[in-house]
Structures are given as C-alpha cells and as structure tokens.
Amino acid sequence: TLAPGAAAQLPVLVDVQGPTGDRDASACVRFAITIVVASAAHVPGAKSADRATVEVPVQLRCRKSTQSALFSFLDPDGSVGVAAVLRPRSLQGKGSAADDVALPIVVSMSGVGVEPQGQADAYKSKPTPTDPGDYTFGFEHLWVLAPQRGGPHNWEDVGMRTAIRAIEVLAASAHKPGADPDQLLVHGHSRGGHGAWGLATRVPDRVLGVASACGWYSREEYGDANNLWVHETSLMHLDKVLLGLLHASVAENENSLHASNLRGVPALVRVGSQDRAVSPWFGRRMARHLREEGVNVTLQEFDQEHWWWDTKQANDGGVMHDTEMRAWTEASAASGRASLKEVLEERDFVLTASSPEYLGRFGLRVLQRISPASRASVRIRRHRSGIQGSGGGTLAAATTTTLELRTANTLRLAVAPDSELLKDEPGAASATATIDVDGSRIAVDRFAGAELCRVEGSSDPEATCAAAPSSSGGTEPRGCQVTATGSSRHGPWA
C-alpha cells in the first residue's frame with residue numbers, strides 16, 4: 001500500500017522474443033507495459049472499483065553479438081544499476097568445445113563522466129591504421145564488463161558493491177560461454193584506476209591480474225578531490241589527534257595500505273607523462289610501493305595526456321586496449337593464480353584488512369579488528385624444524401613444516417574449508433591440519449575450516465574478546481561465533 005504522493009520501484013519481468021538475425025538497430029523491438037493500480041478495499045473512503053491504468057511504451061535497441069550491450073540490475077542498496085558487456089568473440093573456451101565452459105571476466109572501471117557503454121567500447125582496435133573495416137571489439141576468450149558508477153570519484157563503498165553485484169549478475173546470466181566470477185582481470189582508468197586497486201585488494205583470491213591506467217591510489221591525496229586535508233583554513237586550529245581519527249575513518253580506501261594483498265597477482269601501471277588531470281607521480285609511486293611489497297608489477301610510461309586512443313599507431317586500441325595491454329591481459333588470464341606455497345618460497349606473505357569488505361587471501365580472512373580505526377594484518381610464514389644429527393646437520397627425513405600466523409590488531413579470523421593454509425603440508429591425508437597463530441598451535445578440520453578468536457587469558461588482555469553469556473548457558477568470547485567449524489587449541493587463540 002502506498003500513501004498519496006509516495007513512489008516505489010515496481011519490478012517487471014519481461015520475456016522478449018526479439019527479431020531473428022544479428023543486427024544493430026534502434027527501436028527494433030517495441031511493446032507496451034500496462035500497469036493497473038487498484039485501490040485497496042480496506043482504505044477508508046476507497047471504492048473497490050477505483051483504479052487507474054497507465055500504459056508505458058517501451059522500445060529496445062538491438063545490438064550485434066560482437067558489439068557492447070547494456071543490462072540492468074538491482075544494486076545492493078535497492079537502486080537500479082547498469083553495466084555494459086562485450087561477449088567473447090569465440091563462443092567456445094580456449095582449447096575446448098564445451099558450451100558450459102566459464103571464461104574469465106575483464107572488469108573495466110570507468111573514469112568520471114564515462115558511461116558504461118563508452119567504457120566497454122574503448123576495447124576496440126584495427127589490425128592496421130587504415131583498415132576500412134569495422135573495429136574489432138573485446139577479446140577472443142574473455143568477457144568485458146563495464147559497470148556504471150554515478151557521481152565523482154566514487155568506486156568506494158556503494159560503488160564497490162555495485163561493481164561486485166554486476167559481476168554476480170553477469171555470472172548468473174551468461175551462458176554458452178559462461179562467465180566465471182572467480183577469474184577476474186581488473187582494469188581501470190582515472191577514477192577507475194583507483195577503483196581497480198580497491199577491488200583487487202578486497203577480493204584478491206578472485207583476481208588474475210590488475211591494471212591501473214592514469215589513476216591514483218588514494219582519493220584524499222589526489223588533486224583537489226578532498227582539499228579539506230590541505231587547504232581548509234580550520235586546519236590551523238585542528239588537533240592532530242582528531243585529524244588522525246578523521247583520516248582513519250576513510251583509510252580503508254587507501255589502496256597503498258593494502259598492497260601486500262596483491263603478492264602473486266600480476267599488476268600493470270600505465271601513466272601519461274603529459275597527464276594534467278592525474279599526475280603520473282601517483283602511478284609511479286604505487287608501482288614503487290608494489291615492488292617493495294614483492295608484487296610482480298610492470299610500470300609503463302607514455303608521452304601522452306590523460307586519455308589516448310592511439311599508442312603506437314592509429315586505431316591500435318590506445319590506453320585500454322593497445323597491443324601491450326591486450327597481451328598482458330591475455331597472459332595474466334592464461335597464467336592462473338600463484339599458490340600460497342609459491343608465494344612463501346620468496347618471502348613471508350602479509351594479509352591486511354581495514355574493513356569487513358576485505359575478503360582475505362588464500363582462504364584466510366580477518367573478521368574483526370581490535371581497534372576499528374586501525375588496519376589489521378596477519379603475517380604468514382613457513383616454519384621448518386628437524387632433528388639435529390650427530391654432525392650438526394638436519395635430517396631431511398625428520399623435517400616438519402608448520403605455517404605460522406603472526407597477527408596485529410586482529411581479534412577474529414576465519415579459515416575457509418578450502419583454504420590453502422590447510423593444504424600441501426605433511427600429513428595432508430589426515431582430517432586436520434595444524435597451524436600456529438601467535439603461539440597457539442591449533443588443529444583445524446580440513447573439511448570444515450574454523451573461526452578463530454582471541455580469548456580471555458591470552459598474553460594481551462587488552463586485545464581479547466570479553467566473555468559474555470552464550471545461548472547454551474555458558475560463556476563465549478564477545479564477537480565470536482562458536483559453530484560446528486571447531487578447532488582444538490593451545491594458547492591465546494581458539
């Protein structure tokens with residue numbers, strides 16, 4: 001029931017039998033939707049016969065299968081979202097003729113003022129500069145998805161959830177071939193370059209590669225996007241502790257703080273040395289920081305401005321789709337993901353999180369922080385021990401390996417049933433795996449996983465869950481859910 005003058009969204013499911021043939025035409029499908037609004041019988045003064053009829057004309061544009069098309073969906077906040085999509089040019093998976101194969105998705109995040117279809121259509125090229133034929137769009141074996149995000153500089157918060165929702169909708173709708181939501185190549189330009197870092201650091205287990213072109217790593221550092229931190233006159237009187245708290249409230253979108261999550265994920269940074277909109281300094285600095293974190297990053301600098309259509313020759317694809325960009329994207333898709341074992345062979349891996357939106361890596365996720373204003377981190381390292389022989393050597397046959405987790409500002413952790421922390425260890429055939437969390441040796445069920453929490457009595461009483469009554473009449477740590485995914489422990493974690 002709606003009050004007078006109120007408005008509400010009315011979802012309508014329409015099954016359209018479109019024209020046969022593959023063609024591009026405006027208004028090639030026309031129909032009308034008739035909406036009948038009747039007064040409710042229980043409304044005082046209303047008559048059961050009171051009704052209003054509204055006819056809404058609808059016309060749809062037809063697109064060729066080789067062209068970009070739009071689809072709409074409901075955002076997590078209930079508003080209507082829009083995304084553009086380019087189908088793979090080949091209707092079969094690489095090296096496979098199976099119709100049910102699911103291909104990777106290139107998620108392309110746009111800059112300010114760029115509509116989804118314009119972003120998707122940037123993925124075009126010609127084999128030669130003067131080729132008289134039409135452009136070739138997209139990739140042979142990859143989907144291209146360009147979600148919409150209205151408003152300036154905002155692929156954060158609601159914008160990030162819009163992008164993730166668009167991926168889910170495409171995966172649920174695509175067939176022959178399917179679209180795999182767990183194999184993502186994340187691209188972004190300008191504002192979208194910032195969004196690309198944000199998406200990749202939040203869901204790194206789903207990302208095969210991330211490319212940021214002419215973007216920034218922090219909105220608060222970019223130009224005049226938020227000059228409150230620099231030019232606001234009241235800063236002369238602002239207590240620095242309060243300023244720090246204000247910074248901390250938006251720190252989850254500071255992508256450089258979470259760059260360590262991308263270890264083992266190929267990264268590409270592209271900048272234009274003549275860029276007057278976003279200084280190339282941002283890309284250079286992010287690339288340097290990624291190298292410090294051990295990320296396999298490539299920095300490319302061009303004598304270009306903020307956006308360019310032609311890199312080396314006319315119609316070669318430009319900033320988003322030139323020969324090098326296509327080759328890097330396809331190579332990243334083909335190489336697959338680095339395993340935890342491979343990553344740890346180089347050095348320790350550090351997982352960071354500043355909000356519940358960070359879904360973790362290798363099946364390990366931070367669920368709750370001790371101080372909500374600070375990021376949490378978990379350092380993962382492989383510890384090997386063995387029996388010393390009479391000659392001082394270590395007997396390889398007696399060597400044991402344990403994964404050690406060392407946490408900071410972390411109250412709760414989740415280990416997924418398929419977590420790589422529970423694999424590739426001695427005794428992998430057993431039902432449990434042993435991990436060391438801050439000195440607590442915990443046996444975790446390989447098939448059920450576990451949710452772990454600091455408990456009362458740990459070495460740091462200021463950083464523990466306080467005991468609270470449980471539904472069973474006993475006590476359980478505040479914020480921890482005691483479930484069937486149990487573990488046995490010895491130390492401050494359970």
**OP:** Determine, for K312 against E324, whether the closest basic-nitrogen to carboxylate-oxygen distance falls under 4.0 angstrom.
**Re:** yes
Original post:
For F302, does its backbone N or O pair with a side-chain atom of S273 as donor and acceptor, under 3.5 Å?
Top reply: yes
Original post:
Does the side chain of N261 come under 3.5 Å of the side chain of Y358 through a donor N or O and an acceptor N or O?
Top reply: no
Original post:
How would you list all residue pairs meeting salt bridge (charged side-chain N to carboxylate O under 4.0 Å, His left out) that involve residues 262-276, not counting sequence neighbours?
Top reply: R263-E346, R270-D322
Original post:
Between H258 and T352, is there a donor-acceptor pair closer than 3.5 Å when you use the side chain of the first and the backbone of the second?
Top reply: no
Original post:
When rounded to the nearest 0.5 angstrom, what is the spacing between CZ in R361 and CZ in R206?
Top reply: 14.0 Å
Subject >> Side-chain donor-acceptor contact under 3.5 Å, S68 with Q117 >> reply: yes
Original post:
Pick from L452, V366, L367, L405: which one makes a side-chain contact (heavy atoms from CB on, under 4.5 Å) with T410?
Top reply: V366
Subject >> Partner set under salt bridge (Lys or Arg N to Asp or Glu O under 4.0 Å) for E305, not counting sequence neighbours >> reply: none
Original post:
Taking the side chain as C-beta and beyond, is there a heavy-atom pair between L421 and L340 under 4.5 Å?
Top reply: yes
Original post:
Going by heavy atoms in the side chains, are V85 and V144 under 4.5 Å from each other?
Top reply: no
Subject >> Side-chain donor/acceptor of S249 to backbone N/O of L246, under 3.5 Å >> reply: yes
**OP:** Could you tell me which residues satisfy ring-ring contact (aromatic ring centres under 6.0 Å, His included) with H321, sequence neighbours excluded, listed by chain and number?
**Re:** Y123, F139
Subject >> V297 vs L268, side chain to side chain contact (heavy atoms under 4.5 Å, CB included): CA-CA, chis, key distance, verdict >> reply: CA-CA 6 Å; V297 58; L268 176 64; over 6 Å; no
Going by atom type alone, with no hydrogens or angles, which donor-acceptor pairs under 3.5 Å involve a side-chain atom of residues 52-62 and a protein atom two or more places apart or on another chain?
from	atom 1	to	atom 2	distance (Å)
Q59	OE1	R30	NH1	3.1
R61	NE	D24	OD1	3.4

Original post:
How would you list, by chain and number, every residue that makes a side-chain hydrogen bond (donor to acceptor under 3.5 Å, both in side chains) with S218, sequence neighbours excluded?
Top reply: E254
**OP:** Measure from the side-chain N and O atoms of R347 to the backbone N and O of E293, and report whether any donor-acceptor pair falls under 3.5 Å.
**Re:** yes
Original post:
What's the spacing between T329 OG1 and L208 CG if we round to 0.5 Å?
Top reply: 10.5 Å
Original post:
If we only count heavy atoms from C-beta on, is the P104 to L184 side-chain gap below 4.5 Å?
Top reply: no
Original post:
Between atom CZ of R87 and atom OG of S65, what is the distance when rounded to the nearest 0.5 Å?
Top reply: 6.0 Å
Original post:
Does any donor atom in the side chain of H194 or Y217 lie under 3.5 Å from an acceptor atom in the other side chain?
Top reply: no
Original post:
Roughly how far, to the nearest 0.5 Å, is CG of D316 from OG1 of T311?
Top reply: 4.5 Å
Original post:
So, do I380 and L344 sit near enough that their side-chain heavy atoms are less than 4.5 Å apart?
Top reply: yes
**OP:** To the nearest 0.5 angstrom, please state how far the CZ atom of R375 sits from the OG atom of S260.
**Re:** 7.0 Å
Subject >> Sidechain-backbone polar pair: S374 side chain, S371 backbone, donor-acceptor under 3.5 Å >> reply: no
Original post:
Can you tell which of V186, N253, V269 makes a side-chain contact (heavy atoms from CB on, under 4.5 Å) with W197?
Top reply: V269
Original post:
Which pairs count as ring pair (Phe, Tyr, Trp, His ring centres under 6.0 Å) when at least one residue sits in residues 330-349, sequence neighbours excluded?
Top reply: F349-F362
Subject >> Pairing of R284 and E301 as salt bridge, 4.0 angstrom limit >> reply: yes
**OP:** Can you sort out the partners of W307 under ring-ring contact (aromatic ring centres under 6.0 Å, His included), two or more places apart, ordered by chain and number?
**Re:** H189, W309
Original post:
Would L199 and I164 satisfy side chain to side chain contact (heavy atoms under 4.5 Å, CB included), going step by step from the backbone distance to the final call?
Top reply: CA-CA 8 Å; L199 179 60; I164 293 174; 3.9 Å; yes
Subject >> Between E252 and S354: side-chain donor-acceptor atoms closer than 3.5 Å >> reply: no
Subject >> Validation row: S212, F282 side chains within 4.5 angstrom (heavy atoms) >> reply: no
Subject >> For A248, all residues meeting side chain to side chain contact (heavy atoms under 4.5 Å, CB included), sequence neighbours excluded >> reply: A373
**OP:** Determine, step by step, whether L103 and D180 satisfy the side chain to side chain contact (heavy atoms under 4.5 Å, CB included) criterion, reporting the C-alpha distance in whole Å, the side-chain angles of both residues, the deciding distance to 0.1 Å, and the verdict.
**Re:** CA-CA 5 Å; L103 299 180; D180 191 339; over 6 Å; no
Original post:
Taking C-beta and beyond as the side chain, do Q183 and I105 meet within less than 4.5 Å on heavy atoms?
Top reply: no
Original post:
Just by modelled atom types, is the W281 backbone N or O under 3.5 Å from a matching donor or acceptor in the R285 side chain?
Top reply: no
Subject >> H306 vs V278, side chain to side chain contact (heavy atoms under 4.5 Å, CB included): CA-CA, chis, key distance, verdict >> reply: CA-CA 7 Å; H306 190 55; V278 178; 3.5 Å; yes
Original post:
Tell me, which pairs form a salt bridge (charged side-chain N to carboxylate O under 4.0 Å, His left out) where one or both residues lie in residues 64-83, sequence neighbours left out?
Top reply: none
**OP:** Quick one: list whatever passes ring-ring contact (aromatic ring centres under 6.0 Å, His included) with F31, sequence neighbours left out.
**Re:** none
Subject >> Polar side-chain atom of W143 near backbone of G178 as donor-acceptor pair, under 3.5 Å >> reply: yes
Original post:
With no hydrogens and no angle check, is any side-chain donor or acceptor of S332 less than 3.5 Å from a backbone partner on G209?
Top reply: no
Original post:
Nearest heavy-atom pair of C214 and G272: which atoms, and what distance?
Top reply: SG-N, 4.1 Å
**OP:** Quick one: which residue pairs count as a salt bridge (charged side-chain N to carboxylate O under 4.0 Å, His left out) with a foot in residues 118-136, not counting sequence neighbours?
**Re:** none
**OP:** Side-chain contact test, heavy atoms from C-beta onward, threshold under 4.5 Å: evaluate it for M109 versus H187 and give yes or no.
**Re:** no
Original post:
Does R149 use its side chain to pair, donor to acceptor, with the backbone of T162 at less than 3.5 Å?
Top reply: no
Original post:
Any idea which heavy atoms bring A259 and L290 closest together, and the distance?
Top reply: CB-CD2, 3.7 Å
Original post:
Can you find a heavy atom in the side chain of L185 that is under 4.5 Å from one in the side chain of E330?
Top reply: no
Original post:
Is it true that the side chains of Q274 and Q304 contain a donor and an acceptor less than 3.5 Å apart?
Top reply: no
Original post:
Does a side chain donor of either R191 or S110 reach within less than 3.5 Å of an acceptor in the other side chain?
Top reply: yes
**OP:** Determine the minimum heavy-atom distance between S419 and L364, stating which atoms define it.
**Re:** OG-N, 4.3 Å
**OP:** Could you tell me the separation between the CG atom of L299 and the CZ atom of R291, rounded to the nearest 0.5 Å?
**Re:** 6.0 Å
**OP:** Output all residues satisfying salt bridge (Lys or Arg N to Asp or Glu O under 4.0 Å) with R161, sequence neighbours left out; order by chain, then residue number.
**Re:** E357
Original post:
Counting distance only, does the side-chain N/O of R165 pair as donor-acceptor with the main-chain N or O of G81 below 3.5 Å?
Top reply: no
